Structures are given as C-alpha cells and as structure tokens.
Amino acid sequence: MNVFNTLTRKQESFKPISDDYVKLYTCGLTVYNYAHIGNLRTYFFEDILRRTLEYFDYRVRHVMNVTDVGHLESDADTGEDKLVLGARREGKTPEEVARFYEKIFFEDLVAMNILQPHIICRASEYINDMIEFIKVLIEKKYAYEVEGNVYFSIERFPEYGRLSGMPVDKLVAGARIEIDSNKRYPGDFALWLSKSKFPNQIMQWESPWGRGFPGWHIECTVMSIKCFGEHLDIHCGGVDHIAVHHTNEIAQAEAYLGHRWCNYWMHGEWLVVAKEKMSKSKGEFLDLRAIAKNGYMPMHLRYLYLTAHYRQQLEFSYESLTAAKNAFENLRTRVLELKAINEPVDSDRMLKENIQAKFWDAIADDLNMPVALALVWQILKDTGLSSVDKLDLLEDFDRVFGLGISQFSRRDLPDDCKILIRERENVRQRKNWKEADRIRQLLTEKGVGIKDTAHGAEWYWLM
RNA sequence: GGCGGCAUAGCCAAGUAGCAAGGCGGCGGUCUGCAAAAUCGCUAUUCGCCGGUGCAAAUCCGGCUGCCGCCUCCA
C-alpha cells in the first residue's frame with residue numbers, strides 16, 4: 001500500500017521495519033475538555049489507517065498518548081495551563097478534570113467505532129522517564145539549563161525543520177510570541193520548566209533542575225521510545241503538529257538516539273466550519289453531544305468523514321451532515337433488504353473479483369475512502385451480483401469502513417404495532433380510508449412506517 | 001516576512017493528461033384510495049480567470065484573482 005509521507009511530501013510504498021508488527025504512534029488528546037468533531041476527524045483518519053493496515057494483514061501495535069499534564073497556552077511560557085483552567089472552571093482538581101474528559105474521550109471513540117489503541121500512555125505517568133531523557137540531552141549538549149529551565153538547542157541539530165520544510169533562519173522570532181530571554185536562540189524550545197511565570201502551577205514534580213513540569217513536546221517522544229524502542233514506523237497527528245510539535249519531536253528523538261527515528265509521518269487535515277478550522281473557542285462547541293441533540297448519530301459523522309480524503313479539508317455544516325445521515329440510513333435500509341433476500345441466484349464471478357480489486361486499489365492508494373465508498377453504491381445498484389455476493393463484498397469492505405454493516409439488523413416490531421397493522425389491513429379491506437389513515441398516523445408516531453404493496457402492508461422503522 | 005494548501009453541479013466530494021466517480025438534494029415517470037417506501041429516468045458540453053505546451057488538459061507550465069492554514073497551545 002502507498003501512503004503520503006509528510007517527510008518527503010510524496011506517496012511512498014509502505015514498508016515496516018520489522019515483520020512482526022507495525023509500530024504506530026498517534027498523538028492523542030489534551031484532556032481538558034470534550035473532543036470536538038474536528039478532533040474526532042483526526043482519530044477517524046488514524047482508525048482508517050490502522051484498519052487498512054490490518055486489512056492487508058499487517059499486525060499493528062497502536063500506542064496513543066493522553067496529555068494530562070498541563071500544557072500552557074503557548075510555548076513561550078505564557079498563557080495559563082489548560083488543565084488548571086479547566087479545573088478552576090469546574091471546581092475540580094486538574095487530575096479529576098483529566099480523568100473525567102479522558103473517560104468521555106474513549107467513550108466517544110467507541111461511539112464512532114474507532115478501534116481502541118493497544119496501549120494508552122498518560123503523560124503524568126512518565127515524568128521520571130522524561131527527566132532521564134532530558135538528562136541525556138544535556139549530557140550530549142543538545143540541551144542547556146538556564147535558571148531551572150531546560151531548553152533544546154535547535155542550532156545543535158542541523159536538520160531541524162526537515163519535516164516542516166521551513167528554513168530555520170526565516171522563522172520570525174517573536175513574531176507572534178514573546179521572546180523568552182532565557183533562550184540562547186529564539187527558536188529553542190523548552191524541555192523542562194521550573195521557573196515558570198506561573199509559580200502557582202498545581203501540577204509539579206521534583207527534578208534535578210528544580211520543582212516544575214515538563215515541556216510540551218517531550219512527552220510523545222519519551223513515551224513512544226519507551227513503548228517501541230529506537231525506531232518507529234508511523235507517527236500521526238493533525239496538520240497543525242507538523243511545524244512545531246512533530247518538528248520538535250524529531251529533533252529531540254534523533255538527538256537522543258543518534259539516528260533516524262520514525263519512517264513515516266502522516267497528518268490529517270482540518271474539518272472546517274464556514275471556511276474556518278474547527279476550534280474549541282469559536283462559535284458553537286461541536287461535539288458528539290451537540291450533534292446528538294440535533295438528531296445525528298456518531299455513525300452519521302463517521303459516514304461524512306468517509307466521503308472525503310483525509311488530506312483534504314472537509315467542509316462541515318448541518319447540510320453536509322444531513323446528506324451523510326441520509327446516505328447512511330439509505331445504506332442501512334439497502335443492506336437490510338439484502339439480508340432479507342437470501343435467494344440463490346447466479347452471480348458474476350468476474351464482476352465480483354473486479355470490484356474487489358478496485359477496492360484494494362482505492363484503499364492502497366493513500367487511503368482513498370471516497371473512491372472505495374463509491375464502490376458500495378455501485379455494488380448496491382448492480383444487477384449481475386447475487387445478494388449473497390453483494391453482502392459478502394460489503395462486509396469485507398466494512399472491515400475498513402467500520403460502519404457496522406454486519407451488525408445492521410432489523411429491530412422486531414412490538415406487539416401493539418402488529419395489532420395496529422392488522423387492524424389497518426381490515427379497515428382497508430372495507431375501504432375505510434379515514435380510519436386507515438388514522439392508524440397509519442398512530443404508527444408513524446410510534447416510529448413505524450408503512451408501505452402498502454400488492455401482497456399486503458409492509459412496515460419499516462422510520463428511525 | 002517565511003512555508004504550505006485549496007478553488008469541480010444547489011450542497012458535500014472523487015478524479016490529476018484520453019469522452020467529469022459517488023452521495024445528498026431537486027425534478028419527472030411507475031406503483032398507490034391517498035401516501036410512504038421502493039424503483040426507473042433526468043439533473044456540470046464542463047472543472048475560479050487569462051495565456052502556454054501537447055494529437056489530447058479539470059489534470060502539466062506561467063501569470064492573475066479569491067479563500068484558508070501553519071510559523072504560539074491546538075486534531
């Protein structure tokens with residue numbers, strides 16, 4: 001399979017380091033609030049990646065971090081700690097806040113049918129490893145201490161900026177952030193902070209440089225190396241991580257290890273609302289609870305995400321979500337029909353293999369889900385395939401889509417509805433249309449739709 | 001200032017050199033007591049604009065316009 005590697009800006013054939021399993025590390029959430037649907041799009045992309053790898057018989061070990069130590073609002077030691085902010089807002093300790101949102105986060109992933117990582121690393125549980133890591137960087141002269149703060153020296157790492165493609169000397173120092181006078185070079189970034197401008201920081205740990213807290217890029221690097229060793233196959237995150245977070249991670253890790261670290265870097269594009277990236281601070285806070293209130297299921301969102309390529313911005317609106325919802329519900333209906341048929345009809349063997357091959361090509365082409373999804377509708381429309389073969393293909397594809405096609409099932413009709421339908425049949429026989437319409441209305445209110453056919457009334461769930 | 005992305009029908013969105021996928025919506029037919037559902041058909045002679053290179057361009061090159069992102073925390 002081919003994947004687009006941010007490092008080379010090209011599609012490359014994927015080759016894992018080891019035959020045993022693929023080492024996949026994905027950046028998780030900072031658990032100070034609910035995950036919004038933009039966050040979820042990235043986790044969806046990583047899920048599609050993992051499912052595709054597994055579909056092609058790779059064994060995958062998936063590690064995700066949870067950031068539960070305070071990230072300040074900026075890398076310049078300005079702004080307030082998000083977790084502390086959340087805690088104050090809710091009258092809880094930072095730890096309570098972190099645990100609460102972490103729990104909801106993983107519940108949201110389940111609702112979206114996103115596979116759980118095999119290993120979940122909490123940053124707060126790796127503080128000692130981070131300290132040891134920083135010590136090595138200081139020994140190797142890649143880092144220096146000033147007044148209790150430790151910084152990484154990007155001048156010592158000539159390849160700095162390889163991922164982002166941004167020339168170091170062209171970065172506008174202090175363009176948007178205040179210059180930290182402790183830094184030798186404005187582009188240096190913090191590994192450990194003891195002398196923060198926020199002395200009341202609640203979450204603090206002892207370190208050789210003073211009581212404080214780790215910098216903002218060290219956690220993923222340390223936990224990844226801790227979990228996977230000196231090499232990593234794939235590291236994922238949102239596009240926002242390219243320029244700073246992942247760039248800094250590469251610098252730290254390769255300085256520490258003394259060699260290349262991760263082979264493939266993959267990044268998911270934004271979900272945009274009204275031509276703007278999703279943000280936790282602007283407009284309506286769109287998360288799973290908000291869309292549920294408006295009548296949409298997590299699977300409707302998953303379907304929407306499937307309709308666009310992961311490296312393309314996706315335009316979110318309730319109009320586009322409604323389109324996805326309708327398409328998903330139509331798909332469910334069609335699959336239910338297929339499941340009900342079960343007639344042995346001749347099937348076009350070649351046709352089936354042909355469609356199967358197209359699916360392989362699509363997902364192997366840098367996870368082209370829109371093309372793969374179009375095949376679903378082609379299958380449903382096709383007249384040369386038996387229902388058995390159609391279901392067979394759809395369920396096979398769903399190992400990657402994760403729409404739950406094999407679980408689609410028809411809920412039974414409650415007895416009172418059965419009686420109503422029988423009654424309606426009776427009054428219809430007598431052409432009492434008024435009464436028949438009244439009963440149909442009753443059934444509608446119970447969520448049951450009716451279609452009158454030549455061989456009697458059929459019912460279906462209205463949703 | 002530096003780096004990068006995007007512009008395809010009413011909406012979402014594939015395609016990146018050889019007659020413009022798919023979904024949603026809309027319109028029309030069939031069916032129906034009426035409906036609904038289902039089903040069939042239709043729904044971009046054209047891909048922001050202007051040039052260029054090709055037998056051939058939405059796809060490559062140049063220019064222009066518009067929108068967006070990153071260089072602070074962020075998926």
Side-chain angles (χ1 to χ4, degrees), chain A residues 9 26-30 32 35-46 67 70-82 161 164-178 187 189 216 236-245 247 267-272 275-281 303-304 306-309 311-328 330-331 333-334 337 358 362 368-378 381 428 431-434 436-437 440-441 444 449-454 457-460 462:
Chain A
R9 311 269 157 162
T26 61
C27 285
L29 192 72
T30 301
Y32 71 103
H36 59 57
I37 61 177
N39 298 131
L40 292 175
R41 185 182 180 204
T42 297
Y43 304 117
F44 161 81
F45 140 61
E46 292 156 354
T67 300
H71 273 194
L72 297 184
E73 285 180 331
S74 90
D75 194 31
D77 190 27
T78 57
E80 286 196 81
D81 183 308
K82 288 178 173 175
S164 66
M166 293 195 296
V168 174
D169 55 326
K170 290 283 169 49
L171 299 179
V172 181
R176 294 173 69 190
I177 61 173
E178 221 178 297
F189 58 92
W216 311 285
C236 299
V239 285
D240 53 310
H241 280 154
I242 296 171
V244 178
H245 184 57
T247 286
H267 298 93
E269 255 295 349
W270 299 116
L271 180 70
V272 301
K275 299 281 182 208
E276 253 186 11
K277 72 165 186 170
M278 270 242 60
S279 152
K280 289 189 182 181
S281 55
Y303 187 96
L304 176 65
L306 238 14
T307 64
H309 188 91
R311 285 195 293 113
Q312 230 40 55
Q313 292 190 352
L314 171 61
E315 198 79 37
F316 176 87
S317 64
Y318 276 109
E319 193 181 0
S320 62
L321 183 58
T322 301
K325 174 183 175 175
N326 292 343
F328 178 80
N330 287 161
L331 173 62
T333 304
R334 303 292 298 273
E337 282 167 13
K358 280 184 182 168
N368 195 331
M369 294 303 136
V371 167
L373 192 59
L375 292 172
V376 165
W377 298 98
Q378 191 186 316
K381 253 187 280 185
R428 285 189 79 240
K431 298 205 191 306
N432 184 350
W433 309 126
K434 210 176 163 195
D437 288 348
R440 184 165 63 198
Q441 182 55 34
T444 302
I450 293 294
K451 57 177 168 174
D452 296 316
T453 70
E458 287 180 13
W459 64 275
Y460 58 93
L462 292 168

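Residue numbers start from 1 in every chain, and the chains themselves are labelled A, B, ... in the order their sequence lines are given, proteins ahead of strands. If you're wondering where the values come from, they're calculated on a predicted model, not measured in any experiment.
Between B:G22 and B:C49, the distance separating the two P atoms is 24 Å to the nearest Å. Comparing the P positions of B:A14 and B:C60 gives a spacing of 16 Å, expressed to the nearest Å. A distance of about 23 Å separates the P atoms of B:G10 and B:C6, rounded to the whole Å. To the nearest whole angstrom, the two P atoms, one in B:U46 and one in B:A21, are 15 Å apart. Straight-line distance between the P atoms of B:C3 and B:C12: roughly 31 Å, to the nearest whole Å. The P atoms of B:C68 and B:G15 are separated by 24 Å, rounded to the nearest whole Å. To the nearest whole angstrom, the two C1' atoms, one in B:A57 and one in B:C67, are 24 Å apart. B:A36 sits 31 Å from B:U45 when the P atoms are compared, rounded to a whole Å.
The side chain of A:Ala374 approaches B:G22 more closely than any other nucleotide in the set B:A75, B:G22, B:C12. Set against B:A13, B:A36, B:C24, the side chain of A:Lys451 has B:A36 as its closest nucleotide. Which of B:A75, B:A36, B:G2 sits closest to the side chain of A:Leu271 comes down to B:A75. Picking from B:A13, B:C74, B:C68 the nucleotide with the shortest atom distance to the side chain of A:Asn39 gives B:C74. Comparing atom distances between the A:Trp270 side chain and each of B:C12, B:A21, B:C70 picks out B:C70 as nearest. Taking the side chain of A:Ala436 as heavy atoms from C-beta on, and the options B:C74, B:G33, B:A36, the nearest nucleotide is B:G33. Of the candidates B:A14, B:C74, B:C34, the closest approach to any side-chain atom of A:Arg428 belongs to B:C34. Considering only side-chain atoms of A:Val244, the nucleotide from B:A75, B:C71, B:G23 that sits closest is B:C71. For A:Leu29, whose side chain is taken as the heavy atoms from C-beta onward, the closest listed nucleotide among B:G33, B:A75, B:C12 is B:A75. Here the nucleotide nearest the side chain of A:Met166, chosen from B:A75, B:A13, B:C70, is B:C70.
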>> Dot-bracket, 5' to 3', for RNA chain B please: Watson-Crick or G-U pairs under 3.5 Å, [ ] where pairs cross earlier ones, | where the partner sits on another strand, dots elsewhere.
In response: (((((((..(((.....[...)))((((((.......))))))....(((((..]....))))))))))))....
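The shortest distance between side-chain heavy atoms of A:Glu337 and A:Thr333 falls below 4.5 Å. Side-chain atoms of A:Arg440 and A:Asp452, non-hydrogen and from C-beta on, do get closer than 4.5 Å to each other. Using a 4.5 Å cut-off on side-chain heavy atoms (C-beta onward), A:Trp270 and A:Asp240 make contact. Within the 4.5 Å cutoff, the side chain of A:Phe44 has heavy atoms near those of the A:Leu306 side chain.
Across all strands shown, A:Tyr43 has heavy atoms under 4.0 Å from sugar-phosphate atoms exclusively, and none from any base. Counting non-hydrogen atoms under 4.0 angstrom, A:Glu269 reaches a base of the nucleic acid. Among the protein residues, A:Ser164 comes within range of the sugar-phosphate backbone only, with heavy atoms under 4.0 Å from sugar or phosphate atoms but none that close to a base. Residue A:Ile450 is in base contact, counting any heavy-atom pair closer than 4.0 Å across all strands shown. Within 4.0 Å (heavy atoms only), A:Gly268 reaches no atom of the nucleic acid at all. Residue A:Thr42 is in base contact, counting any heavy-atom pair closer than 4.0 Å across all strands shown.
Side chain A:Arg440 to base B:A36: no donor-acceptor pair is found below 3.5 Å. Side-chain atoms of A:Asp452 come within donor-acceptor range of the base of B:C34, with a qualifying N/O pair under 3.5 Å.
Note: CG (A:Leu306) to P (B:A14) measures 12 Å, nearest angstrom. Nucleotide B:A14 holds its P atom 11 Å from the CD atom of A:Gln313, rounded to whole Å. In this entry the distance linking CG of A:Asn432 with P of B:C34 reads 16 Å, nearest Å. We find that CD of A:Glu458 is positioned 9 Å from C1' of B:A38, with the value rounded to whole Å. Here the P atom of nucleotide B:C24 and the OH atom of A:Tyr318 are 21 Å apart, to the nearest Å. Rounded to whole Å, atom P of B:U32 lies 12 Å from atom NZ of A:Lys431. Rounded to whole Å, atom C1' of B:A9 lies 16 Å from atom CD of A:Glu315. For the pair A:Phe44 CZ and B:A75 P, the computed distance is 18 Å after rounding to whole Å.
Note on A:Arg311: every side-chain N or O is 4.0 Å or more away from OP1 and OP2 of B:G4. Under 4.0 angstrom from either OP1 or OP2 of B:G23 there lies no side-chain N or O belonging to A:Asn330. Side-chain nitrogen and oxygen atoms of A:Asn368 include at least one within less than 4.0 Å of the OP1 or OP2 phosphate oxygen of B:G15. Here A:Asn326 does not reach the OP1 or OP2 of B:C24: none of its side-chain N or O atoms lies under 4.0 Å away. In this model, the phosphate group of B:G23 is approached by a side-chain N or O of A:Lys381 to a distance below 4.0 Å at OP1 or OP2.
A distance of 8.5 Å separates CZ of A:Phe45 from NE2 of A:His309, quoted to the nearest 0.5 Å. Rounding to the nearest 0.5 Å places NZ of A:Lys325 at 8.5 Å from CG of A:Leu321. Going from atom CD of A:Gln312 over to atom OG1 of A:Thr307 covers 12.0 Å, rounded to the nearest 0.5 Å.
In this structure, A:Trp433 packs face-to-face on the six-membered ring of B:G33, meeting both the 5.5 Å centre cutoff and the 30° plane limit.
Glycosidic conformation of B:G10 is anti; the angle lies outside 90° of 0.
Nearer the 5' end of RNA chain B, as judged by each residue's closest nucleotide, is the contact made by A:His309, out of A:Pro370 and A:His309. Each of A:Val239 and A:Gln378 was assigned the nucleotide of RNA chain B with the nearest heavy atom; the assignment lying further toward the 5' end belongs to A:Gln378.
The minimum heavy-atom distance linking A:Leu314 with A:Arg41 is given by the pair N-NH1, 3.3 Å. The shortest heavy-atom contact between A:Pro167 and A:Gly165 is CD-O, 3.6 Å.
Using cut-offs of 30° and 60° on the angle between ring planes, the pair A:His245 and A:His241 is tilted.
In this view, A:Lys451 and A:Glu458 satisfy the salt bridge (Lys or Arg N to Asp or Glu O under 4.0 Å) rule, not counting sequence neighbours.
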